[in-house]
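In what follows, a single structure is set out as C-alpha coordinates and then discussed.
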Number of protein chains: 2
Amino acid sequence: MTQQVEAARRVPLSRDRVLAAAVELADEVGIEALSMRRLAQELGVVPMALYKHVANKEELLNGMVDAIVAEIDPAVRDAGWKRTVRLRVLSARRALLQHRWARRVLESRTNTTPAVLGYMDSFMGMFLAGGFSVNLTHHVMHALGSRMWGFTQELFDDPANENFSDMAPEAQAAMFREMAERYPNILKVATAASHDGGSVVGQGCDDQFEFEFALDLLLDGFERLHEQGWTSEKRADGAPRE
Amino acid sequence: MTQQVEAARRVPLSRDRVLAAAVELADEVGIEALSMRRLAQELGVVPMALYKHVANKEELLNGMVDAIVAEIDPAVRDAGWKRTVRLRVLSARRALLQHRWARRVLESRTNTTPAVLGYMDSFMGMFLAGGFSVNLTHHVMHALGSRMWGFTQELFDDPANENFSDMAPEAQAAMFREMAERYPNILKVATAASHDGGSVVGQGCDDQFEFEFALDLLLDGFERLHEQGWTSEKRADGAPRE
DNA sequence: GACGGTAGGTGTACGCAGTACACTTGTCAA
DNA sequence: TTGACAAGTGTACTGCGTACACCTACCGTC
(Lines give C-alpha, C1' and ligand atoms only; values in the text may rest on other atoms or scores of the structure.)
Protein backbone atom coordinates (compact mmCIF):
# COMPACT_ATOMS: atom_id res chain seq x y z
CA MET A 1 0.00 0.00 0.00
CA THR A 2 2.57 2.57 1.07
CA GLN A 3 4.55 1.20 -1.82
CA GLN A 4 1.74 1.98 -4.17
CA VAL A 5 1.48 5.48 -2.85
CA GLU A 6 5.19 5.96 -3.27
CA ALA A 7 5.11 4.57 -6.76
CA ALA A 8 2.25 6.85 -7.69
CA ARG A 9 3.97 9.85 -6.24
CA ARG A 10 7.18 9.15 -8.06
CA VAL A 11 7.13 10.56 -11.56
CA PRO A 12 8.93 7.99 -13.65
CA LEU A 13 12.35 8.91 -14.91
CA SER A 14 12.95 9.72 -18.54
CA ARG A 15 15.92 10.87 -20.53
CA ASP A 16 14.56 14.39 -20.59
CA ARG A 17 13.94 14.44 -16.88
CA VAL A 18 17.46 13.19 -16.23
CA LEU A 19 18.97 15.82 -18.51
CA ALA A 20 16.89 18.62 -17.04
CA ALA A 21 17.88 17.61 -13.53
CA ALA A 22 21.53 17.41 -14.58
CA VAL A 23 21.43 20.91 -16.04
CA GLU A 24 19.79 22.25 -12.94
CA LEU A 25 22.22 20.51 -10.64
CA ALA A 26 25.22 21.72 -12.61
CA ASP A 27 23.83 25.23 -12.43
CA GLU A 28 23.60 24.92 -8.68
CA VAL A 29 26.72 23.10 -7.62
CA GLY A 30 29.05 23.44 -10.59
CA ILE A 31 30.03 20.94 -13.18
CA GLU A 32 32.87 19.42 -11.21
CA ALA A 33 30.49 18.47 -8.42
CA LEU A 34 28.08 16.83 -10.83
CA SER A 35 28.47 13.09 -10.40
CA MET A 36 26.18 10.28 -11.41
CA ARG A 37 25.69 9.45 -7.77
CA ARG A 38 24.85 12.98 -6.79
CA LEU A 39 22.45 13.34 -9.69
CA ALA A 40 20.74 10.09 -8.82
CA GLN A 41 20.34 11.23 -5.25
CA GLU A 42 18.79 14.47 -6.44
CA LEU A 43 16.28 12.42 -8.40
CA GLY A 44 15.57 10.13 -5.45
CA VAL A 45 16.86 7.15 -7.27
CA VAL A 46 19.77 4.74 -7.12
CA PRO A 47 22.80 5.64 -9.28
CA MET A 48 22.45 2.76 -11.68
CA ALA A 49 18.91 3.79 -12.52
CA LEU A 50 20.31 6.63 -14.59
CA TYR A 51 21.98 4.19 -16.92
CA LYS A 52 18.61 3.10 -18.19
CA HIS A 53 18.27 6.57 -19.73
CA VAL A 54 21.77 7.64 -20.64
CA ALA A 55 24.50 5.32 -21.82
CA ASN A 56 27.17 6.84 -19.60
CA LYS A 57 28.40 10.10 -18.22
CA GLU A 58 29.83 11.28 -21.54
CA GLU A 59 26.45 10.86 -23.10
CA LEU A 60 24.85 12.71 -20.23
CA LEU A 61 27.18 15.66 -20.84
CA ASN A 62 26.41 15.57 -24.54
CA GLY A 63 22.74 15.70 -23.75
CA MET A 64 23.26 18.64 -21.43
CA VAL A 65 25.08 20.53 -24.15
CA ASP A 66 22.28 19.81 -26.57
CA ALA A 67 19.80 21.18 -24.08
CA ILE A 68 21.71 24.45 -23.88
CA VAL A 69 22.18 24.71 -27.63
CA ALA A 70 18.45 24.36 -28.00
CA GLU A 71 18.06 27.56 -25.99
CA ILE A 72 19.82 29.60 -28.67
CA ASP A 73 17.42 31.67 -30.72
CA PRO A 74 17.08 30.81 -34.40
CA ALA A 75 18.56 33.19 -36.93
CA VAL A 76 16.51 36.30 -37.60
CA ARG A 77 15.35 36.73 -41.17
CA ASP A 78 16.12 39.37 -43.74
CA ALA A 79 18.49 41.40 -41.65
CA GLY A 80 21.68 41.12 -43.68
CA TRP A 81 24.42 38.67 -42.81
CA LYS A 82 26.29 40.91 -40.43
CA ARG A 83 23.39 41.78 -38.23
CA THR A 84 22.07 38.24 -38.38
CA VAL A 85 25.37 36.76 -37.30
CA ARG A 86 25.82 39.34 -34.61
CA LEU A 87 22.41 38.73 -33.08
CA ARG A 88 22.86 35.00 -33.23
CA VAL A 89 26.18 35.08 -31.47
CA LEU A 90 24.84 37.32 -28.79
CA SER A 91 21.91 34.99 -28.32
CA ALA A 92 24.29 32.06 -27.95
CA ARG A 93 26.21 34.11 -25.48
CA ARG A 94 23.09 34.71 -23.44
CA ALA A 95 22.32 31.01 -23.36
CA LEU A 96 25.83 30.02 -22.38
CA LEU A 97 26.13 32.68 -19.74
CA GLN A 98 23.10 31.30 -17.97
CA HIS A 99 24.98 28.07 -17.49
CA ARG A 100 28.52 28.89 -16.51
CA TRP A 101 29.63 25.30 -16.88
CA ALA A 102 28.42 25.07 -20.48
CA ARG A 103 31.52 26.63 -22.00
CA ARG A 104 33.83 24.14 -20.37
CA VAL A 105 31.67 21.17 -21.26
CA LEU A 106 31.14 22.32 -24.83
CA GLU A 107 34.87 22.64 -25.32
CA SER A 108 35.63 19.30 -23.76
CA ARG A 109 33.23 17.41 -25.97
CA THR A 110 35.09 15.08 -28.28
CA ASN A 111 32.12 13.84 -30.27
CA THR A 112 30.14 16.61 -31.83
CA THR A 113 26.44 16.15 -31.24
CA PRO A 114 23.73 16.67 -33.85
CA ALA A 115 22.54 19.84 -32.13
CA VAL A 116 26.03 21.31 -32.27
CA LEU A 117 26.41 20.35 -35.91
CA GLY A 118 23.03 21.87 -36.60
CA TYR A 119 24.04 25.15 -35.04
CA MET A 120 27.27 25.21 -37.00
CA ASP A 121 25.44 24.38 -40.18
CA SER A 122 22.95 27.17 -39.81
CA PHE A 123 25.78 29.45 -38.81
CA MET A 124 27.58 28.82 -42.06
CA GLY A 125 24.28 29.29 -43.81
CA MET A 126 24.15 32.89 -42.62
CA PHE A 127 27.39 33.74 -44.39
CA LEU A 128 26.52 31.82 -47.53
CA ALA A 129 23.14 33.52 -47.69
CA GLY A 130 24.98 36.81 -47.35
CA GLY A 131 26.83 36.08 -50.53
CA PHE A 132 30.09 34.86 -49.00
CA SER A 133 31.97 32.36 -51.08
CA VAL A 134 32.25 28.85 -49.72
CA ASN A 135 35.95 29.41 -49.41
CA LEU A 136 35.70 32.59 -47.40
CA THR A 137 32.95 31.12 -45.26
CA HIS A 138 35.26 28.31 -44.34
CA HIS A 139 38.05 30.58 -43.16
CA VAL A 140 35.65 32.89 -41.45
CA MET A 141 34.27 30.03 -39.42
CA HIS A 142 37.75 29.12 -38.28
CA ALA A 143 38.52 32.70 -37.44
CA LEU A 144 35.42 32.98 -35.33
CA GLY A 145 36.14 29.70 -33.65
CA SER A 146 34.59 29.43 -30.25
CA ARG A 147 33.43 33.02 -30.45
CA MET A 148 30.61 31.56 -32.50
CA TRP A 149 29.28 30.36 -29.15
CA GLY A 150 29.52 33.75 -27.59
CA PHE A 151 32.46 33.29 -25.35
CA THR A 152 36.11 34.12 -25.23
CA GLN A 153 38.79 32.53 -23.19
CA GLU A 154 38.76 34.77 -20.18
CA LEU A 155 42.04 36.43 -19.56
CA PHE A 156 41.91 37.38 -15.94
CA ASP A 157 39.92 34.46 -14.73
CA ASP A 158 41.43 34.85 -11.33
CA PRO A 159 44.92 36.16 -10.87
CA ALA A 160 44.89 35.13 -7.24
CA ASN A 161 42.21 37.74 -7.09
CA GLU A 162 39.15 35.98 -5.83
CA ASN A 163 39.98 36.47 -2.20
CA PHE A 164 41.84 39.67 -2.76
CA SER A 165 39.12 41.74 -1.19
CA ASP A 166 39.11 39.43 1.82
CA MET A 167 42.76 40.13 2.48
CA ALA A 168 44.08 42.44 5.14
CA PRO A 169 44.80 45.94 3.80
CA GLU A 170 48.54 45.67 4.33
CA ALA A 171 48.56 42.31 2.57
CA GLN A 172 46.72 43.93 -0.32
CA ALA A 173 49.28 46.67 -0.44
CA ALA A 174 52.14 44.18 -0.38
CA MET A 175 50.59 42.22 -3.19
CA PHE A 176 50.06 45.39 -5.13
CA ARG A 177 53.71 46.30 -4.73
CA GLU A 178 54.82 42.87 -5.82
CA MET A 179 52.57 42.99 -8.87
CA ALA A 180 53.93 46.41 -9.75
CA GLU A 181 57.43 45.04 -9.70
CA ARG A 182 56.91 41.75 -11.47
CA TYR A 183 54.02 42.49 -13.79
CA PRO A 184 54.08 46.22 -14.40
CA ASN A 185 52.17 46.03 -17.65
CA ILE A 186 49.40 43.89 -16.29
CA LEU A 187 49.02 46.29 -13.44
CA LYS A 188 48.93 49.30 -15.71
CA VAL A 189 46.34 47.81 -17.98
CA ALA A 190 44.24 46.33 -15.23
CA THR A 191 44.10 49.44 -13.08
CA ALA A 192 43.23 51.55 -16.10
CA ALA A 193 40.41 49.17 -16.92
CA SER A 194 38.96 49.26 -13.45
CA HIS A 195 39.13 52.97 -12.76
CA ASP A 196 35.38 52.99 -12.71
CA GLY A 197 34.89 50.42 -10.01
CA GLY A 198 35.42 46.76 -9.34
CA SER A 199 38.50 45.32 -7.73
CA VAL A 200 42.03 46.38 -8.45
CA VAL A 201 43.01 43.58 -10.76
CA GLY A 202 40.69 42.44 -13.48
CA GLN A 203 36.96 42.00 -13.03
CA GLY A 204 36.82 45.71 -13.49
CA CYS A 205 36.23 45.17 -17.16
CA ASP A 206 32.92 44.94 -18.85
CA ASP A 207 32.97 41.45 -20.31
CA GLN A 208 30.07 42.11 -22.58
CA PHE A 209 31.78 45.13 -24.06
CA GLU A 210 35.02 43.23 -24.52
CA PHE A 211 33.20 40.48 -26.28
CA GLU A 212 31.34 42.75 -28.64
CA PHE A 213 34.49 44.69 -29.33
CA ALA A 214 36.29 41.62 -30.55
CA LEU A 215 33.26 40.28 -32.36
CA ASP A 216 32.78 43.50 -34.30
CA LEU A 217 36.46 43.68 -35.09
CA LEU A 218 36.19 40.28 -36.69
CA LEU A 219 32.93 40.96 -38.46
CA ASP A 220 34.31 44.18 -39.90
CA GLY A 221 37.34 42.24 -41.08
CA PHE A 222 35.13 39.64 -42.71
CA GLU A 223 33.14 42.34 -44.42
CA ARG A 224 36.24 43.93 -45.86
CA LEU A 225 37.52 40.62 -47.18
CA HIS A 226 34.15 39.80 -48.62
CA GLU A 227 33.92 43.12 -50.40
CA GLN A 228 37.32 42.75 -51.97
CA GLY A 229 36.57 39.20 -53.07
CA TRP A 230 39.27 37.63 -50.95
CA THR A 231 40.08 33.99 -51.55
CA SER A 232 42.64 31.74 -49.98
CA GLU A 233 43.59 30.58 -53.46
CA LYS A 234 45.54 33.77 -53.71
CA ARG A 235 47.71 32.73 -50.88
CA ALA A 236 50.44 31.30 -53.10
CA ASP A 237 51.06 34.78 -54.45
CA GLY A 238 54.08 35.26 -52.29
CA ALA A 239 52.96 37.46 -49.46
CA PRO A 240 55.74 36.98 -46.95
CA ARG A 241 54.94 34.83 -43.94
CA GLU A 242 57.08 33.10 -41.39
CA MET B 1 74.09 -4.33 0.33
CA THR B 2 71.72 -4.72 -2.58
CA GLN B 3 69.77 -1.96 -0.96
CA GLN B 4 72.81 0.27 -1.12
CA VAL B 5 73.28 -0.49 -4.77
CA GLU B 6 69.68 0.28 -5.48
CA ALA B 7 69.82 3.46 -3.50
CA ALA B 8 72.91 4.56 -5.35
CA ARG B 9 71.33 3.77 -8.68
CA ARG B 10 68.17 5.69 -7.91
CA VAL B 11 68.49 9.35 -8.74
CA PRO B 12 66.61 11.15 -6.00
CA LEU B 13 63.35 12.78 -6.96
CA SER B 14 62.99 16.51 -7.20
CA ARG B 15 60.21 18.83 -8.21
CA ASP B 16 61.80 19.35 -11.59
CA ARG B 17 62.24 15.66 -12.20
CA VAL B 18 58.62 15.05 -11.27
CA LEU B 19 57.42 17.78 -13.59
CA ALA B 20 59.60 16.65 -16.46
CA ALA B 21 58.37 13.08 -16.08
CA ALA B 22 54.79 14.29 -15.93
CA VAL B 23 55.20 16.27 -19.15
CA GLU B 24 56.77 13.33 -20.87
CA LEU B 25 54.14 10.93 -19.65
CA ALA B 26 51.32 13.24 -20.73
CA ASP B 27 52.93 13.52 -24.14
CA GLU B 28 52.97 9.76 -24.41
CA VAL B 29 49.68 8.62 -22.97
CA GLY B 30 47.56 11.74 -22.98
CA ILE B 31 46.49 13.98 -20.15
CA GLU B 32 43.46 11.95 -19.16
CA ALA B 33 45.64 8.92 -18.51
CA LEU B 34 48.04 10.90 -16.35
CA SER B 35 47.37 9.93 -12.76
CA MET B 36 49.49 10.36 -9.69
CA ARG B 37 49.75 6.59 -9.40
CA ARG B 38 50.79 6.14 -13.00
CA LEU B 39 53.33 8.91 -12.75
CA ALA B 40 54.78 7.46 -9.57
CA GLN B 41 55.08 4.09 -11.23
CA GLU B 42 56.90 5.67 -14.15
CA LEU B 43 59.37 7.14 -11.67
CA GLY B 44 59.78 3.86 -9.84
CA VAL B 45 58.35 5.25 -6.69
CA VAL B 46 55.30 4.90 -4.51
CA PRO B 47 52.44 7.36 -5.25
CA MET B 48 52.71 9.24 -2.00
CA ALA B 49 56.36 10.03 -2.67
CA LEU B 50 55.25 12.61 -5.23
CA TYR B 51 53.52 14.60 -2.56
CA LYS B 52 56.89 15.49 -1.07
CA HIS B 53 57.54 17.52 -4.23
CA VAL B 54 54.15 18.79 -5.36
CA ALA B 55 51.32 19.74 -3.07
CA ASN B 56 48.66 17.94 -5.07
CA LYS B 57 47.60 17.18 -8.59
CA GLU B 58 46.42 20.72 -9.31
CA GLU B 59 49.83 21.99 -8.43
CA LEU B 60 51.41 19.35 -10.61
CA LEU B 61 49.35 20.53 -13.56
CA ASN B 62 50.28 24.14 -12.84
CA GLY B 63 53.91 23.16 -12.87
CA MET B 64 53.48 21.35 -16.16
CA VAL B 65 51.93 24.45 -17.71
CA ASP B 66 54.80 26.54 -16.45
CA ALA B 67 57.24 24.14 -18.03
CA ILE B 68 55.57 24.56 -21.40
CA VAL B 69 55.30 28.32 -21.09
CA ALA B 70 59.04 28.39 -20.45
CA GLU B 71 59.53 26.88 -23.90
CA ILE B 72 58.05 29.94 -25.61
CA ASP B 73 60.71 32.15 -27.18
CA PRO B 74 61.21 35.60 -25.71
CA ALA B 75 60.04 38.56 -27.75
CA VAL B 76 62.35 39.56 -30.58
CA ARG B 77 63.73 43.07 -30.37
CA ASP B 78 63.28 46.08 -32.61
CA ALA B 79 60.93 44.46 -35.08
CA GLY B 80 57.86 46.63 -34.67
CA TRP B 81 54.92 45.60 -32.54
CA LYS B 82 53.09 43.72 -35.25
CA ARG B 83 55.90 41.48 -36.28
CA THR B 84 56.97 41.00 -32.69
CA VAL B 85 53.52 39.93 -31.60
CA ARG B 86 53.10 37.71 -34.62
CA LEU B 87 56.36 35.87 -34.05
CA ARG B 88 55.67 35.49 -30.38
CA VAL B 89 52.26 33.98 -30.92
CA LEU B 90 53.60 31.58 -33.50
CA SER B 91 56.33 30.57 -31.09
CA ALA B 92 53.75 29.92 -28.41
CA ARG B 93 51.82 27.92 -30.94
CA ARG B 94 54.85 25.81 -31.68
CA ALA B 95 55.38 25.09 -28.00
CA LEU B 96 51.77 24.21 -27.38
CA LEU B 97 51.50 22.04 -30.45
CA GLN B 98 54.35 19.90 -29.20
CA HIS B 99 52.24 19.03 -26.21
CA ARG B 100 48.72 18.43 -27.40
CA TRP B 101 47.39 18.29 -23.85
CA ALA B 102 48.74 21.73 -22.98
CA ARG B 103 45.85 23.66 -24.46
CA ARG B 104 43.29 21.82 -22.43
CA VAL B 105 45.26 22.09 -19.22
CA LEU B 106 46.06 25.76 -19.74
CA GLU B 107 42.39 26.52 -20.20
CA SER B 108 41.32 24.52 -17.22
CA ARG B 109 43.69 26.25 -14.84
CA THR B 110 41.82 28.27 -12.32
CA ASN B 111 44.76 29.87 -10.59
CA THR B 112 47.03 31.71 -12.94
CA THR B 113 50.64 30.82 -12.34
CA PRO B 114 53.53 33.30 -12.26
CA ALA B 115 54.84 32.01 -15.58
CA VAL B 116 51.49 32.61 -17.22
CA LEU B 117 51.24 36.07 -15.71
CA GLY B 118 54.76 36.76 -16.89
CA TYR B 119 53.90 35.81 -20.43
CA MET B 120 50.81 37.97 -20.39
CA ASP B 121 52.75 40.85 -18.94
CA SER B 122 55.41 40.73 -21.60
CA PHE B 123 52.69 40.32 -24.17
CA MET B 124 51.04 43.55 -23.14
CA GLY B 125 54.46 45.09 -23.13
CA MET B 126 54.78 44.50 -26.86
CA PHE B 127 51.72 46.59 -27.60
CA LEU B 128 52.63 49.31 -25.15
CA ALA B 129 56.12 49.50 -26.60
CA GLY B 130 54.50 49.81 -30.02
CA GLY B 131 52.78 52.96 -28.89
CA PHE B 132 49.39 51.49 -28.12
CA SER B 133 47.45 53.28 -25.44
CA VAL B 134 46.85 51.42 -22.22
CA ASN B 135 43.19 51.45 -23.05
CA LEU B 136 43.55 49.95 -26.48
CA THR B 137 46.06 47.41 -25.21
CA HIS B 138 43.50 46.23 -22.74
CA HIS B 139 40.82 45.60 -25.32
CA VAL B 140 43.27 44.13 -27.73
CA MET B 141 44.32 41.57 -25.15
CA HIS B 142 40.73 40.56 -24.64
CA ALA B 143 40.15 40.34 -28.35
CA LEU B 144 43.14 38.08 -28.78
CA GLY B 145 42.09 35.95 -25.88
CA SER B 146 43.41 32.46 -26.06
CA ARG B 147 44.83 33.15 -29.49
CA MET B 148 47.66 34.74 -27.56
CA TRP B 149 48.72 31.18 -26.83
CA GLY B 150 48.64 30.18 -30.45
CA PHE B 151 45.54 28.10 -30.53
CA THR B 152 41.95 28.35 -31.58
CA GLN B 153 39.06 26.31 -30.49
CA GLU B 154 39.07 23.67 -33.17
CA LEU B 155 35.83 23.57 -35.06
CA PHE B 156 35.81 20.16 -36.58
CA ASP B 157 37.51 18.34 -33.80
CA ASP B 158 35.84 15.16 -34.84
CA PRO B 159 32.41 15.17 -36.41
CA ALA B 160 32.16 11.43 -35.94
CA ASN B 161 34.97 11.49 -38.41
CA GLU B 162 37.82 9.73 -36.70
CA ASN B 163 36.80 6.30 -37.83
CA PHE B 164 35.21 7.47 -41.01
CA SER B 165 37.94 6.01 -43.15
CA ASP B 166 37.61 2.69 -41.34
CA MET B 167 33.98 2.43 -42.36
CA ALA B 168 32.65 0.28 -45.13
CA PRO B 169 32.25 2.20 -48.41
CA GLU B 170 28.49 1.92 -48.45
CA ALA B 171 28.33 3.14 -44.87
CA GLN B 172 30.48 6.09 -45.88
CA ALA B 173 28.12 6.84 -48.71
CA ALA B 174 25.12 6.61 -46.43
CA MET B 175 26.70 8.96 -43.95
CA PHE B 176 27.56 11.32 -46.74
CA ARG B 177 23.98 11.32 -47.91
CA GLU B 178 22.71 11.95 -44.41
CA MET B 179 25.13 14.81 -43.93
CA ALA B 180 24.05 16.31 -47.23
CA GLU B 181 20.49 16.30 -46.10
CA ARG B 182 20.88 17.48 -42.52
CA TYR B 183 23.97 19.66 -42.71
CA PRO B 184 24.20 20.85 -46.30
CA ASN B 185 26.29 23.89 -45.47
CA ILE B 186 28.81 22.02 -43.41
CA LEU B 187 29.19 19.56 -46.21
CA LYS B 188 29.62 22.27 -48.80
CA VAL B 189 32.25 24.08 -46.81
CA ALA B 190 34.05 20.99 -45.68
CA THR B 191 34.30 19.36 -49.07
CA ALA B 192 35.49 22.59 -50.63
CA ALA B 193 38.16 22.83 -47.97
CA SER B 194 39.40 19.34 -48.53
CA HIS B 195 39.44 19.25 -52.31
CA ASP B 196 43.16 18.80 -52.13
CA GLY B 197 43.22 15.71 -49.97
CA GLY B 198 42.43 14.60 -46.48
CA SER B 199 39.18 13.00 -45.49
CA VAL B 200 35.78 14.14 -46.61
CA VAL B 201 34.78 16.08 -43.56
CA GLY B 202 37.20 18.43 -41.92
CA GLN B 203 40.84 17.66 -41.37
CA GLY B 204 41.28 18.66 -44.94
CA CYS B 205 42.07 22.15 -43.76
CA ASP B 206 45.45 23.55 -43.07
CA ASP B 207 45.27 24.45 -39.41
CA GLN B 208 48.35 26.59 -39.52
CA PHE B 209 46.94 28.64 -42.35
CA GLU B 210 43.61 29.02 -40.60
CA PHE B 211 45.34 30.20 -37.49
CA GLU B 212 47.49 32.75 -39.26
CA PHE B 213 44.52 33.95 -41.24
CA ALA B 214 42.59 34.78 -38.11
CA LEU B 215 45.63 36.17 -36.34
CA ASP B 216 46.44 38.53 -39.16
CA LEU B 217 42.85 39.59 -39.44
CA LEU B 218 42.96 40.62 -35.80
CA LEU B 219 46.37 42.25 -36.00
CA ASP B 220 45.28 44.27 -39.03
CA GLY B 221 42.22 45.33 -37.12
CA PHE B 222 44.32 46.39 -34.16
CA GLU B 223 46.59 48.35 -36.43
CA ARG B 224 43.71 50.20 -37.94
CA LEU B 225 42.28 51.11 -34.56
CA HIS B 226 45.66 52.15 -33.30
CA GLU B 227 46.24 54.42 -36.28
CA GLN B 228 42.92 56.13 -35.88
CA GLY B 229 43.51 56.63 -32.17
CA TRP B 230 40.59 54.48 -31.13
CA THR B 231 39.56 54.55 -27.49
CA SER B 232 36.73 52.83 -25.68
CA GLU B 233 35.91 56.13 -24.07
CA LYS B 234 34.28 57.03 -27.34
CA ARG B 235 31.85 54.23 -26.97
CA ALA B 236 29.14 56.45 -25.56
CA ASP B 237 28.96 58.30 -28.85
CA GLY B 238 25.86 56.49 -29.90
CA ALA B 239 27.03 53.91 -32.37
CA PRO B 240 24.07 51.56 -32.50
CA ARG B 241 24.51 48.29 -30.61
CA GLU B 242 22.04 45.77 -29.32
C1' DG C 1 -7.83 -14.52 -14.97
C1' DA C 2 -3.09 -16.63 -15.95
C1' DC C 3 1.26 -15.67 -18.20
C1' DG C 4 5.42 -14.31 -20.13
C1' DG C 5 8.02 -10.43 -21.96
C1' DT C 6 9.90 -6.10 -21.15
C1' DA C 7 11.11 -1.55 -19.31
C1' DG C 8 12.56 0.57 -15.31
C1' DG C 9 14.59 0.54 -10.77
C1' DT C 10 17.79 -1.99 -7.19
C1' DG C 11 21.97 -4.00 -4.76
C1' DT C 12 26.33 -5.49 -4.74
C1' DA C 13 30.84 -5.23 -6.18
C1' DC C 14 35.06 -3.91 -8.80
C1' DG C 15 38.86 -1.07 -10.13
C1' DC C 16 40.74 3.39 -10.22
C1' DA C 17 41.29 7.92 -8.62
C1' DG C 18 43.41 11.53 -5.06
C1' DT C 19 45.39 11.87 -0.81
C1' DA C 20 45.56 11.86 4.81
C1' DC C 21 48.47 10.02 8.21
C1' DA C 22 51.70 7.39 10.58
C1' DC C 23 55.87 4.89 9.67
C1' DT C 24 60.78 3.91 8.25
C1' DT C 25 65.14 5.04 6.31
C1' DG C 26 69.14 7.47 4.71
C1' DT C 27 72.09 11.64 5.36
C1' DC C 28 74.56 14.93 7.59
C1' DA C 29 75.88 18.42 11.37
C1' DA C 30 77.09 18.85 16.05
C1' DT D 1 77.28 8.83 18.76
C1' DT D 2 73.31 11.18 18.25
C1' DG D 3 69.43 13.18 16.74
C1' DA D 4 67.08 16.18 13.47
C1' DC D 5 65.29 16.43 9.13
C1' DA D 6 64.23 15.34 4.36
C1' DA D 7 62.77 11.65 1.38
C1' DG D 8 60.29 7.55 0.53
C1' DT D 9 56.79 3.81 2.17
C1' DG D 10 52.39 1.35 3.59
C1' DT D 11 47.94 1.34 4.72
C1' DA D 12 43.57 3.05 4.45
C1' DC D 13 39.68 6.13 3.39
C1' DT D 14 36.35 8.33 0.44
C1' DG D 15 34.38 9.09 -3.92
C1' DC D 16 34.03 8.08 -8.63
C1' DG D 17 31.99 5.50 -13.04
C1' DT D 18 29.82 1.47 -14.12
C1' DA D 19 29.35 -4.03 -15.00
C1' DC D 20 26.15 -7.51 -13.85
C1' DA D 21 22.62 -10.08 -11.76
C1' DC D 22 18.40 -9.36 -9.79
C1' DC D 23 13.61 -7.84 -8.72
C1' DT D 24 9.11 -5.91 -9.86
C1' DA D 25 5.33 -3.63 -11.92
C1' DC D 26 2.92 -3.34 -16.02
C1' DC D 27 1.48 -4.82 -20.62
C1' DG D 28 -0.85 -7.35 -24.39
C1' DT D 29 -2.08 -12.09 -25.55
C1' DC D 30 -4.27 -16.33 -24.99
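Protein chains get the first letters and strands the later ones, always in sequence-line order, with residue 1 at the start of each.
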Next on the checklist: One character per nucleotide, please: for nucleotides 11-20 of chain C, 5' to 3', B when the base has a protein heavy atom closer than 4.0 Å, S when only the sugar-phosphate does, - otherwise.
Outcome noted: B-B---BBBB
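A side-chain donor-acceptor contact under 3.5 Å links B/S122 and B/R88.
Straight-line distance from the NZ atom of A/K52 to the C1' atom of D/dA19: 12 Å, rounded to whole Å. What separates CG of B/L43 from C1' of D/dG8 is a distance of 13 Å, to the nearest Å. As rounded to whole Å, 13 Å separates atom P of D/dA7 from atom CZ of B/R15.
The pair A/R177-A/E181 does not count as a salt bridge, with every side-chain nitrogen at least 4.0 angstrom from each carboxylate oxygen. With respect to the salt-bridge test (charged N to carboxylate O, under 4.0 angstrom), the residues A/D73 and A/R94 qualify. A salt bridge is absent between B/R104 and A/E107; no separation between the charged side-chain nitrogens and carboxylate oxygens falls under 4.0 Å.
Sequence neighbours left out, the pairs with a member in residues 34-53 of chain A that pass salt bridge (charged side-chain N to carboxylate O under 4.0 Å, His left out) are A/R38-A/E42.
Within a 6.0 Å sphere centred on CZ of B/R15, heavy atoms belonging to other residues, nucleotides or ligands number more than 12.
Contact between the side-chain N/O atoms of A/H53 and the OP1/OP2 oxygens of C/dG9 is found at a separation under 4.0 Å.
The distance between the ring centers of B/H139 and A/F209 falls below 6.0 angstrom.
At its two ends the helix from C/dG1-D/dC30 to C/dA30-D/dT1 runs along axes set 10° apart, each axis drawn from five pairs and the angle rounded to 10°.
Annotation: cation-pi pair B/R93/B/F211 present, NZ/CZ under 6.0 Å from the ring centroid and within 45° of its normal.
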